[in-house]
Amino acid sequence: MQLLDGKYVSEKLKVEIAEEAAKILEKTGRKPHLVAVLVGHDGGSETYVASKMKNCEKVGFKSSLVRYEDDVTEEELLKKVEELNADPDIDGIIVQLPLPKHIDPEKVTERIDHRKDVDGFHPVNLGRMQRNLPSFIPATPYGITLMLKEYGIETAGKHCVVVGRSNIVGSPMSILMARNTTPGNCTVTICHSRTPDIKKFTLDADILIVAIGKKNFITADMVKDGVVVVDVGMNRETSTTTKSGFKLYGDVDFENVAPKSSWITPVPGGVGLMTIVGLLKNTLASANKEVYK
């Protein structure tokens, strides 16, 4: 068993991103600029946004945070998104999810200019991704492909099983692994909460990508020897043994699945760190006008 080490890969790629950002600054006199919009005070969202801002600073990007309380109206939030769309100094816009129940996240996502949609959730970007055209790819699936590529994981002709069908991870991940790209060219099966006898499918996986949001859902009896396991799970539980007061668990029972794996991501220290890199690379591509001229 070998680790797919998100910390190692993310730090390596952030050095490369910083070098590219420095070239943009030298050439244009401006830094790539990412704006995050945060509504309310959800603990997880606060942590994620703070990490994104910190990493922007680390690679030489400009970052801005727009904050609203939970009672912000949908109309006011959409108006702010339109203002950000129109600002030529802004390369990327993310609106941190989840949003309060009175705000339609789909409406907000579709209001973001697809040319600044560095989260990769806009229907235009998802459609272009499916057609293997230049697009901003959702950050977590993008980060996973970057990790597989860094470690030289062979994907062509392999059976990839994706557990979870969310628009954020599972669905785009299944598309990316099936595309005629590297990584890619897999035969893909996608499983979800309504799939009967998931074990039947996971046991056949050469590459198993798990994003179902249930602690230790994948157990040792559900995988074959030599499988490559990518655990997207970030299940947070309170803990008295950690300084932060909580502990993260994956969707995979790491302790018992790891000995059967050829490669596996840890939690934490795996996919979560690569998600940030995917976001940074999308923002860099936006600043360079690599996707939309």
Side-chain angles (χ1 to χ4, degrees), residues 1-15 139-164 169-170 172-174 176-178 181-192 195 197-237 239 241-242 244 246-278:
M1 182 275 293
Q2 297 184 74
L3 282 182
L4 292 166
D5 187 346
K7 184 175 182 181
Y8 162 74
V9 180
S10 64
E11 291 303 318
K12 178 182 178 183
L13 293 180
K14 279 188 280 190
V15 169
T140 298
Y142 189 15
I144 291 169
T145 63
L146 291 169
M147 177 184 284
L148 294 174
K149 187 174 183 179
E150 178 65 30
Y151 280 102
I153 304 298
E154 182 59 55
T155 60
K158 303 296 184 181
H159 183 198
C160 175
V161 175
V162 179
V163 183
V169 182
M173 194 76 245
S174 67
L176 289 171
M177 295 304 284
T181 55
T182 302
N185 284 307
C186 290
T187 298
V188 178
T189 300
I190 186 164
C191 302
H192 46 77
T195 303
D197 193 14
I198 286 181
K199 179 179 176 180
K200 177 176 67 176
F201 299 100
T202 59
L203 275 171
D204 193 46
D206 302 309
I207 301 168
L208 182 61
I209 301 173
V210 190
I212 202 165
K214 294 182 179 179
K215 174 186 173 184
N216 294 343
F217 178 80
I218 299 294
T219 50
D221 64 318
M222 296 174 72
V223 301
K224 67 181 181 182
D225 289 336
V227 65
V228 176
V229 180
V230 177
D231 188 352
V232 188
M234 296 283 279
N235 305 289
R236 183 192 300 234
E237 292 187 0
S239 172
T241 62
T242 60
S244 63
F246 65 86
K247 190 172 181 181
L248 291 176
Y249 296 89
D251 291 349
V252 176
D253 178 8
F254 182 90
E255 184 178 344
N256 295 302
V257 171
K260 297 183 73 173
S261 309
S262 56
W263 295 88
I264 188 169
T265 59
V267 176
V271 172
L273 296 170
M274 294 306 301
T275 297
I276 297 287
V277 172

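The model shown is predicted, which means the values in this text are computed figures rather than measured ones.
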- prompt: Taking atom NZ of Lys199 and atom CG of Asp204, what is their separation to the nearest 0.5 Å?
  reply: 13.5 Å

message: Rounded to the nearest 0.5 Å, what separates atom CG in Leu13 from atom OH in Tyr8?
response: 9.0 Å

field: Separation of Met177 CE from Cys160 SG (nearest 0.5 Å)
entry: 4.0 Å

query: More than 12 heavy atoms of other residues, nucleotides or ligands under 6.0 Å from CD of Glu255: is that the case?
result: no

- line: One should read off an interatomic distance between Leu148 CG and Thr265 OG1, to the nearest 0.5 angstrom, of 9.5 Å

query: Is the backbone N or O of Asp5 less than 3.5 Å from a side-chain atom of Tyr151, with the two atoms forming a donor-acceptor pair by type?
result: yes

query: Out of curiosity, Thr275 OG1 to Met234 CE, how far, rounded to the nearest 0.5 Å?
result: 8.0 Å

Lys/Arg N to Asp/Glu carboxylate O, Lys224 vs Asp206, below 4.0 Å: yes

query: Does a salt bridge link Asp251 with Lys215, judged by any charged N lying under 4.0 Å from a carboxylate O?
result: no

field: Flag if over 12 foreign heavy atoms under 6.0 Å of NZ, Lys260
entry: yes

message: For Val257 and Val229: C-alpha separation, side-chain torsions, deciding distance, then whether side-chain contact (heavy atoms from CB on, under 4.5 Å) applies.
response: CA-CA 9 Å; Val257 171; Val229 180; 4.2 Å; yes

Contact check, side chains of Ile144 and Met173, non-hydrogen atoms, under 4.5 Å: yes

field: Exceeds 12 heavy-atom contacts within 6.0 angstrom, atom NZ of Lys14
entry: yes

query: What are the two closest heavy atoms between Asp231 and Val271, and how far apart are they?
result: O-CG2, 3.5 Å

